[in-house]
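Values below: every heavy atom of this structure, side chains too, minus hydrogens, waters and symmetry copies.
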Amino acid sequence: LELIQARRRAGASPPRPPQGLLEYSAAAKWSARRYRRRYISLAGTTPSPQVDSASLCLLLDSEASEASAMAASAPPDGSDTVGEADVAAQLYLALRAGDLAAATRCVTEASDADLLQPSTWKQRQPATCLQASSRHAPYATWDLSAVHVLVRDCHETALVRRVIVRVPHALGARGGHFKEGTEAQWLPIHMAASYNHRVDVVRSLLEVGGAEQLQVKDCAGLLPFHQAASYNGNVEVLLLLLEVGGDEQLQAKDSEGNLPVHRAAFSNNSVEVMRLLLLSRLAVGGPKQLQVKNSRGDLPIHLASRDNS
C-alpha cells in the first residue's frame, strides 16, 4: 500500500501484479488470504488462482485510496494535537518516540488524579500487517489511563513499579475501547499481558495488585492469559501467569468459546507459545485441546490456517 501511495503521489500508475493474486502475494502469505477475502466482499465472487491482474490492481488501489483518506482525516500524530491534561496521550507519544526522559517527566509531574484520568484522544495506533488500514488498528489511548499506557508500552521496570506503587488502586481501573467503539473494560494487567514482553513488568503488576487480577475478564470474556496467548511472544510471561493464576486458565473460554489455544492460533506467531499451550507439563488437556471447537465451530487449526500470518 505504501508503494501504491508513493506512485500515486508521483503521478505514476499503480504497480501491476505480474502473475495474479498468488504470485503477487508470495512474499507475504497473509496478504494473499486477506486480499482474497477482500476481493470476494467487493466482487461478490471467488477469484480464480490466476485472477485478472488489472482487477486485483484496482482492488489494491482502492484500498490504498481508503487508507490515504483515513490518514488525511486523522489528526497529526504529534503532541500539539493532544490536550495538556491528557497525560495518557502525552505518555504514549513520548514512549513511541523512545524518549524515556520525557515519559518519566510526564508521569512524575502528573498528579495522582491525572494518572487515573481516561484519555479522550481518539487517534489510532499505526496499522500493522494484520490490519488492512488504519481504521482496523486499535485506539492508541482512548479511554485508557496513563497507567494502562505505561504498563503496555514501557519496558523500564523501575519506572513502571514506581508509578504503580504510587497509585496501586489504578490497577483495578477498567478502560479502553475496541475499534468499533465498544467499551473494552481492560485492566492494566490485560494491557501488560498482551503487549509487554518484559516479564519483570508483569511480575510487578502481580506483586502490587495481587493474583486476583488474573481472574478478571474484559467485555469479550478474555482473561489476561487469553490476551497473552493472543499477542505476547515471550513464553516467560505466559509461564508467570500460569504460575500465579493456575493452570485452569488454559481451559477458560471467552465469550465466543475460544480457549487460549484458539486465541494463539488466530494471532500469535510464536511457535514456542503454541508449544507451551499444548505440550508443556502445565498444558492441561494437552493436544486434545486441538479438537475443541469454539461457538462458531472453528478448531484452532481453522483459525491458524485462515487468519494467522
Side-chain angles (χ1 to χ4, degrees), residues 66-128 130-156 159-160 162-164 166-196 201 205 209 213 216-220 222 224 227 230-231:
E66 182 181 17
S68 298
M70 290 293 298
S73 63
D77 190 5
S79 59
D80 58 336
T81 66
V82 177
E84 292 183 2
D86 199 330
V87 177
Q90 297 282 3
L91 177 62
Y92 166 77
L93 293 170
L95 290 171
R96 185 181 169 194
D99 192 340
L100 182 61
T104 302
R105 288 194 303 271
C106 183
V107 295
T108 301
E109 296 173 1
S111 67
D112 290 0
D114 287 339
L115 290 174
L116 294 171
Q117 184 66 30
S119 173
T120 58
W121 194 47
K122 295 185 181 181
Q123 176 70 299
R124 296 181 186 271
Q125 297 187 57
T128 69
L130 295 179
Q131 295 142 1
S133 69
S134 58
R135 63 189 171 90
H136 295 103
Y139 292 103
T141 65
W142 187 22
D143 203 36
L144 295 176
S145 72
V147 175
H148 284 89
V149 174
L150 183 71
V151 302
R152 181 191 69 189
D153 297 341
C154 182
H155 305 298
E156 291 295 326
L159 177 59
V160 172
R162 186 160 69 246
V163 171
I164 62 176
R166 173 183 161 188
V167 285
H169 49 291
L171 298 182
R174 294 175 180 263
H177 273 74
F178 284 121
K179 57 181 179 292
E180 299 87 357
T182 305
E183 292 186 2
Q185 301 180 19
W186 292 315
L187 294 180
I189 189 68
H190 286 98
M191 297 283 92
S194 297
Y195 303 113
N196 202 315
V201 168
L205 267 68
Q213 299 171 88
V216 177
K217 294 185 176 183
D218 66 11
C219 72
L222 299 175
Q227 297 280 42
S230 299
Y231 305 113

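- Expressed to the nearest 0.5 Å, how far CG of D153 lies from CG of L91 amounts to 7.5 Å.
- When Q125, H177, R124 are each tested for a side-chain hydrogen bond (donor to acceptor under 3.5 Å, both in side chains) with Y139, only one passes: R124.
- Contact check for L205 versus V160: side-chain heavy atoms found under the 4.5 Å cut-off.
- Summarising the geometry of W121 relative to A89, their closest heavy-atom pair is CE3-CB, 3.7 Å, with the distance given to 0.1 Å.
- Side-chain N or O atoms of N196 include none that pairs as donor or acceptor with a backbone N or O of H155 at under 3.5 Å.
- Separating the NE2 atom in H169 from the CD1 atom in I164 is a distance of 12.5 Å, to the nearest 0.5 Å.
- Between L116 and D112 there is no side-chain heavy-atom pair separated by less than 4.5 Å.
- Not a single salt bridge (charged side-chain N to carboxylate O under 4.0 Å, His left out) links D99 to another residue, sequence neighbours left out.
- Separating the CG atom in L159 from the CG atom in L95 is a distance of 8.0 Å, to the nearest 0.5 Å.
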Exercise for review: List the steps, then state whether side chain to side chain contact (heavy atoms under 4.5 Å, CB included) holds for T104 with E156.
Suggested key: CA-CA 10 Å; T104 302; E156 291 295 326; over 6 Å; no
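- Shown here for R166 and S111, the closest heavy-atom pair between the two residues is NH2-C, 3.4 Å.
- Here the CG-NZ distance, from L187 to K217, works out to 13.5 Å after rounding to the nearest 0.5 Å.
- Side-chain contact between I189 and L171: absent, with no pair of heavy atoms (C-beta onward) separated by less than 4.5 Å.
- Between H190 and V216 the shortest heavy-atom distance is NE2-O, 3.2 Å.
- In plain terms, the two heavy atoms of D218 and R174 that are nearest each other are CA-NH1, 4.3 Å.
- The two atoms that bring A103 and A94 nearest to each other are N-CB, 3.7 Å, heavy atoms only.
- Between the side chain of D86 and the main chain of T120, a donor-acceptor pair closer than 3.5 Å is present.
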Enumerate, atom names and distances included, each donor-acceptor pair closer than 3.5 Å involving a side-chain atom of residues 145-152, sequence neighbours excluded.
unit_1 : atom_1 : unit_2 : atom_2 : d
S145   : OG     : V147   : N      : 3.3
S145   : OG     : H148   : N      : 3.2
S145   : OG     : H148   : ND1    : 2.7
H148   : ND1    : S145   : N      : 3.3
H148   : NE2    : A173   : O      : 3.2
H148   : NE2    : W186   : O      : 2.9
R152   : NH1    : A140   : O      : 3.0
R152   : NH2    : A140   : O      : 2.9

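- For the residue pair T182 and C219, the shortest heavy atom distance occurs at CG2-SG, 4.4 Å.
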